Participant: 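I am attaching a structure below and will ask some questions about it afterwards.
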Amino acid sequence: VSHWEKGRMGGYVLGLWICLGYVGRLSWGQSALPLCGNGPAMPSPGGQCNGSAWSGVTVRSVNWTGVNLEGSQMFSVEILNSSLRKASLKGSQWTGGVINATDLSEASFSDGEFQSMVFGGVMCDDGEFDVMTIFRWSVTDDTRCLNAKVRSSNATMIQVDNSFLPMLKVEGTYLKFFTMKGSNMAQANWFQTQVDSQLDVSSSNLTGSFFVSCDFANATFSESDLSKTSFANSTILAAAFQSGVLLANSSFESSVLPGASFNSTRTDFRFLDFRNANLTQASFPGVDISYGNFARSTLDQALFDGAVATWTNFSYSSLVGASFAGANLFGSEFTGADLSNADFREANTTSAVFTDAKGMGSINGSTDSGSSTNRACFPGDAVVHLEDGSTKMMKELNVGDHILTDSGVFSPVFYFSHRLQEGLFHFIEIHTSDNRRIHLSPSHKLFVNGRLQEAKVARVGDSLGRLKPGVISSVAHRTLQGLFNPHTLEGSLVVDQIEASCYTSAVPTNLAHSLLAFERLIFQLGFPRPLTALW
């Protein structure tokens, strides 16, 4: 063979060697081959490859099922379109890696340290991530981790986008800056886990999940489905449940959510369970929380303005300074609740129950305590008719004014059993078909169907009044300003053009009238009397 032919053949060999080297570089990355640290062999299914050290390796389409890579060190390693099913990476350190379209089902990453990792389209069903240190992970592109477990780990700056993580179990783990978007984590179970600095969940599905005894700081939930989710015994600081969140049938029993915000539109917050929860200064403006259960919760200074809270249970809760301005509280229960300084302006309290509620008389600054449901009174803006043909509101009325009574005569006011300018109180609102309306306490007596009865027995279709009876067209409950009960010598009065008694059902009418005989005598003799309340 001539020297020229030898040279040509050598050139072919050199070119082939370069090409093979280039192909190998494309297949395996910058290092020559991903050789096992405990021997010169490459990893294989079920093979022992612990203690390996790889840098700049790219692996494509390999089957490493059940491989042992425990105690390995990986830097900028990429594993693509491969299988590490049932692999063990316990105690490994992995920095700057990419795992894409790879099966990690039932793999174990326990006691490892993984930083700046990217997972895309990965399958890690039944994977175990125990006692790990995780920093700057990005989980994206339809990653699937059904029934995966994260226990006793430390994870910082985790981002989960468009992934499928149902029945994920997170226990005893510390998370910092956790963000999830467009993902499914339904029926997840988080127990004794802390999320510090930021928890941001948007456009995700957490239906039926459990977050028991967890601690979340600066949590934000938006456009997500948290229906039937439980946050029992958890602390969620500065929680924000924003637009599009679904919380129907969710439970926050015995949880702490101070300052929580439920400012949302297109939401479903019905059937929520907040029993024994701390919701101090929580905000529910304009939100539908109907059929919710807030029994024995702390809701001091909470904001429910404009909220829909029909058939909601607030029994034995602390609502000191809470605001229900303009709220719909139809059929809600406030039995035994502390409503001191609460604000019920323009609220609809139709069929609401305030039995034994505390502070009803101290709402908005009144010093009278106890419930208004057993008082015989009118609100401050109720109108009476004077002898000179003019009218006066109750709050302007004075002893000595002559007002119209149910007998058609004008009788002087000689006494006030209640005269409270300030405070919001519970009244029944009765409308008649001839456009008359009266507000009075539920136990106050007026003429219903021709007989003197308590206002609370009045029903639509009943006859109301004595001199000019009208047909009742509607009955509602309202919370209004002031509490007044003037007494005339006649024992009756006409309020807002409707006849009423001066007395309540607490004492029989004839007996109550007799008990005031001394007061009437003192008035007629011209002696002043203090305006104290008898009942």
Side-chain angles (χ1 to χ4, degrees), residues 349-351 372-387 389 391-395 397 401-419 425-478 480 482-517 519-520 534-535:
T349 56
T350 303
S351 300
S372 65
T373 56
N374 292 323
R375 306 180 190 280
C377 303
F378 304 93
D381 60 358
V383 174
V384 295
H385 301 266
L386 303 182
E387 193 171 17
T391 60
K392 263 189 180 182
M393 289 190 292
M394 283 285 178
K395 60 186 177 183
L397 197 61
D401 287 339
H402 285 66
I403 61 176
L404 183 63
T405 65
D406 67 0
S407 62
V409 303
F410 291 88
S411 180
V413 175
F414 71 92
Y415 179 72
F416 282 84
S417 57
H418 288 98
R419 197 180 195 186
F425 298 89
H426 176 215
F427 297 97
I428 288 182
E429 177 184 270
I430 304 176
H431 285 260
T432 62
S433 57
D434 55 359
N435 295 322
R436 289 182 291 165
R437 181 191 69 182
I438 186 172
H439 294 102
L440 69 172
S441 300
S443 58
H444 204 120
K445 290 185 176 181
L446 75 172
F447 288 94
V448 179
N449 295 327
R451 295 188 299 116
L452 206 56
Q453 301 186 68
E454 294 175 292
K456 62 185 179 184
V457 307
R459 297 291 183 269
V460 173
D462 288 346
S463 172
L464 183 69
R466 182 180 180 184
L467 296 176
K468 184 184 176 182
V471 177
I472 297 176
S473 58
S474 68
V475 179
H477 292 243
R478 292 286 182 265
L480 302 171
L483 193 69
F484 297 85
N485 191 29
H487 289 264
T488 65
L489 294 178
E490 286 284 317
S492 66
L493 69 168
V494 175
V495 180
D496 293 321
Q497 304 181 60
I498 296 176
E499 302 89 345
S501 171
C502 293
Y503 304 111
T504 178
S505 59
V507 179
T509 300
N510 292 336
L511 177 59
H513 193 72
S514 299
L515 289 173
L516 287 176
E519 297 292 335
R520 287 193 294 274
L534 291 180
W535 54 79

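Note: hydrogens, waters and symmetry copies are ignored here, and every other heavy atom, side chains too, is used. Every value quoted in this text rests on a predicted model; they were computed, and no experiment measured them.
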Participant: Quick one: list whatever passes salt bridge (Lys or Arg N to Asp or Glu O under 4.0 Å) with R436, sequence neighbours left out.
Facilitator: D434

Participant: With sequence neighbours excluded, what pairs up with D401 under the salt bridge (Lys or Arg N to Asp or Glu O under 4.0 Å) test?
Facilitator: K392

Participant: To the closest 0.5 Å, what do you measure between CG (N435) and CD (Q497)?
Facilitator: 10.0 Å

Participant: When you check the side-chain N and O atoms of S441 and S443, is any donor under 3.5 Å from an acceptor?
Facilitator: no

Participant: Sequence neighbours left out, cut at 3.5 Å: what donor-acceptor pairs do the side chains of residues 463-471 make with other protein atoms?
Facilitator:
from: R466; atom 1: NH1; to: D406; atom 2: OD2; distance (Å): 3.2

Participant: Can you check whether L440 reaches V495 side chain to side chain, under 4.5 Å on heavy atoms?
Facilitator: no

Participant: Could you walk me through whether V494 and F410 satisfy the side-chain contact (heavy atoms from CB on, under 4.5 Å) test, starting with their C-alpha distance in whole Å, then the side-chain angles of each, then the deciding distance to 0.1 Å, before giving a yes or no?
Facilitator: CA-CA 10 Å; V494 175; F410 291 88; over 6 Å; no

Participant: If you apply the rule side-chain contact (heavy atoms from CB on, under 4.5 Å), what do you find for F447 with L452, and how did you get there?
Facilitator: CA-CA 4 Å; F447 288 94; L452 206 56; 3.8 Å; yes

Participant: Where does the angle between the aromatic ring planes of H487 and Y415 fall among parallel (under 30°), tilted (30 to 60°) and perpendicular (over 60°)?
Facilitator: tilted

Participant: Can you tell me how far the CG atom of L493 sits from the CD1 atom of I403, to the nearest 0.5 Å?
Facilitator: 4.5 Å

Participant: When rounded to the nearest 0.5 angstrom, what is the spacing between CZ in R478 and OG1 in T349?
Facilitator: 7.0 Å

Participant: Any idea which heavy atoms bring F484 and M394 closest together, and the distance?
Facilitator: CD2-O, 3.8 Å

Participant: With sequence neighbours left out, write down each residue that passes side chain to side chain donor-acceptor pair (under 3.5 Å) with E429, or none if nothing qualifies.
Facilitator: H431, H439

Participant: So, using side chain to side chain donor-acceptor pair (under 3.5 Å) as the criterion, who are the partners of D381 when residues are at least two apart?
Facilitator: none

Participant: Kindly write out the residues that satisfy side chain to side chain donor-acceptor pair (under 3.5 Å) with S411, not counting sequence neighbours, or none if the list is empty.
Facilitator: none

